[in-house]
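When reading the values below, keep in mind they use all heavy atoms of this one structure, side chains included, and skip hydrogens, waters and symmetry mates.
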Amino acid sequence: MNKFKLYIILIPISLYLVLLPVLQFDANAVIDLYDNKRLLQLVIVGWILGLSCFYLINKNILYPRILDSLYFKIVTFFIVGIGTISTITALYPIWSYLELAHIIGIVLCTICISTIIQDDVLLVRKILNVTVIAFAGFYLLRFSLGYILQIKGGFPLWPGESYNVGLIGFSHVRFFNQLQTWTLPILIMFIFQVKHTSLKTFLTIFVGLFWMLVFASGARGTFLSIIISFFMLIYFFRSDIREFVIISLNSILVGLVSYWFLFKFLSKTTFREITREGTSGRFDVWLDLIPKILESPFFGHGPMHYGVIEYQNTWGHPHNWFLQYSYEWGIIVAILIGLFVCYALYRYIGKTNSAFNNERISLKVYLFRVGLFWSLLSAFLHSFLSGVHVMPLSQVWFMFVGGVALSFHYKKDGSIQDIKKIKRINYFLIGMIMISVIGYANWFIKHGIDTDSYSQKNKGEVFSKKMYPRFWQQGKFGEKEKEIELNVINNVNSTP
């Protein structure tokens, strides 16, 4: 029965993460691609929260050990409290409530996943490894086919280049690169876990080909976040550092050689050079955002309100989680989140090293747990440069990787005797789940998804390439939505 609970939670997540990047197709170019990812993510979130409620109501007890942490309770109280005030005082409370509900839902899913799967963490390790390898393998197959078609018939190779023929998987290559940030560290640590030399060599080439896509697509954020976290990890690593460095560098070397051969020697199909200069407009956006943050430093402008048309911000999010939360939730919330993430990662790797030093866990389990740490740290660093924290596929990777990391960190160590405490925790979880569900339902009752009527910067443009996604592909929202829709209709009617 425990394995059944585990499978019905993790299998839908694995299928979502593996299949959507290679099988999802949008002939209309972007119109439904992003929104369908979000809708399917909400199905997964609803499924996990619904199952968690079922287990709680039927006294199949869920007791997340993280809720014993006083620091977690204090941080959660302040974040939810300030977020609630910010939502109430926001220009568009319904949209703010949707964002608040979504963040609560993601965190609850991560916590509930960690608790439900605690009975068999070794099986969970296998499922996560298989999911990561399958994701990389299927995407490499899809890429190989695209590479051949590109050489023979000029078929667009990279996501975001094929608006005229439809899109597969992603509307922009950076959304794929974000997933590489989550998975490459786990893949590299998986090589380390393998004993057989031939299999280790094969996996090094396999991971190297995945690195090749980082170089060929010019994914500077992915490369920098993984490399910086790599050097940070060396400080904490307690196994054979020499082998870890060699394996990591070998996979990168294979990636560079493959990149040169396929994209410099055989074909000139690089999306953007990884060594290019400039910040893609980010630095200017960040400088412009700082004075706006200081206009409302304590409670922010409201969750998701970077995307309000009236505020005339660039894109749907500023490509920096700290500035985004400072602007939308207030500086206090941004600082609390940053401190908590750093503290949690430090505690996690500290407990992992302690368990390994005291021989309470095997080398394979240790390397797997280190891979989770590396993945989470890389994604955290990448979120200072990109929308890793915003995109639906990336958020589900966080739920999966974060949930598994929590399950190992708070592995069961005996039965809980305090029945009253258990009941309080269960009531708290049910209450938070209801807050999240009501937030989703409240938005869907009062809104619809109408991508065509929205535009970036309120100019009446409805071309999909001009849209910058946030919760939905439309990116922007506000009172001027109706004016845009009228302008579009008038332009269509006046066209001869």
Side-chain angles (χ1 to χ4, degrees), residues 10 63-76 79 106-122 124-125 127-129 132 181-190 192-193 225-226 228-239 241 244 321 335-384 388-389 394-413:
L10 296 186
Y63 183 79
R65 300 294 181 126
I66 192 173
L67 298 182
D68 284 333
S69 169
L70 179 62
Y71 187 36
F72 178 78
K73 292 176 183 176
I74 293 173
V75 169
T76 301
I79 291 176
I106 289 172
V107 173
L108 285 173
C109 282
T110 306
I111 292 173
C112 290
I113 287 172
S114 72
T115 307
I116 293 171
I117 66 178
Q118 276 184 335
D119 291 329
D120 198 340
V121 290
L122 296 182
V124 170
R125 176 169 66 91
I127 292 175
L128 179 56
N129 279 332
V132 171
T181 302
W182 284 106
T183 52
L184 269 168
I186 297 174
L187 285 169
I188 293 171
M189 296 311 297
F190 183 73
F192 208 161
Q193 298 170 47
S225 60
I226 293 177
I228 292 172
S229 57
F230 167 78
F231 285 108
M232 296 173 69
L233 182 58
I234 289 176
Y235 174 78
F236 293 105
F237 201 61
R238 293 295 179 268
S239 186
I241 294 179
F244 168 61
W321 82 264
I335 292 174
L336 284 174
I337 293 174
L339 290 175
F340 178 75
V341 170
C342 293
Y343 171 77
L345 287 171
Y346 181 76
R347 284 293 305 273
Y348 174 80
I349 193 62
K351 189 171 182 178
T352 297
N353 285 336
S354 175
F356 181 64
N357 291 336
N358 294 321
E359 298 183 349
R360 295 198 303 270
I361 59 175
S362 66
L363 176 61
K364 279 191 174 183
V365 172
Y366 173 72
L367 294 173
F368 176 73
R369 289 175 62 165
V370 170
L372 298 178
F373 170 80
W374 191 6
S375 174
L376 290 165
L377 179 59
S378 296
F380 178 61
L381 295 178
H382 196 178
S383 65
F384 283 95
V388 174
H389 55 292
S394 183
Q395 289 177 343
V396 175
W397 273 112
F398 166 74
M399 288 161 45
F400 197 2
V401 176
V404 174
L406 277 177
S407 70
F408 276 92
H409 189 69
Y410 291 103
K411 192 175 179 181
K412 283 187 175 180
D413 53 4

If you round to the nearest 0.5 Å, how far is CG of Leu367 from CD1 of Ile188? 12.5 Å

State, to 0.1 Å, how close Ile113 and Met399 come at their nearest heavy-atom pair, and which atoms those are. CD1-O, 3.9 Å

Pairing residues for Asn129 by the side chain to side chain donor-acceptor pair (under 3.5 Å) criterion, not counting sequence neighbours: none

Is the closest side-chain heavy-atom distance between Val107 and Thr76 below 4.5 Å? no

Measuring centre to centre across the rings, with the benzene-like ring taken for any Trp, is Tyr343 within less than 6.0 Å of Phe72? no

Centroid separation Phe231 to Tyr235 less than 6.0 Å: no

Which atom names give the shortest non-hydrogen contact between Ser114 and Leu406, and what distance separates them? CB-CB, 3.4 Å

Under a 3.5 Å distance rule, please check whether Ser354 uses its side chain to pair with a backbone N or O of Lys351 as donor and acceptor. no

So CZ of Phe373 and CD1 of Ile349: to nearest 0.5 Å the spacing works out to 5.0 Å

Closest non-hydrogen atom pair between Trp321 and Gly338, with its separation: CH2-N, 3.4 Å

Counting only N and O atoms by type, is there a donor-acceptor contact under 3.5 Å from the side chain of Ser383 to the main-chain atoms of Phe380? yes

His389: what forms a side chain to side chain donor-acceptor pair (under 3.5 Å) with it, not counting sequence neighbours? Gln324

Would you mind telling me which of Phe356, Phe190, Phe408 makes a ring pair (Phe, Tyr, Trp, His ring centres under 6.0 Å) with Phe368? Phe408

I need the minimum non-hydrogen distance between Ile226 and Thr181, along with the two atoms involved. CD1-CA, 4.1 Å

The reported gap from NE2 in His409 to CZ in Arg369 (rounded to nearest 0.5 angstrom) is 8.0 Å

All heavy atoms of Phe230 vs all of Trp374, minimum pair found to be N-NE1, 3.6 Å

Any idea which heavy atoms bring Tyr366 and Phe236 closest together, and the distance? OH-O, 4.0 Å

Evaluate Val132 against Phe400 for side-chain contact (heavy atoms from CB on, under 4.5 Å), listing each step before the verdict. CA-CA 11 Å; Val132 171; Phe400 197 2; over 6 Å; no

Side chain of Ser229, backbone of Ser225: donor and acceptor closer than 3.5 Å? yes

Give a yes or no answer on whether the side chain of Thr110 reaches the backbone of Ile106 with a donor-acceptor pair at less than 3.5 Å. yes

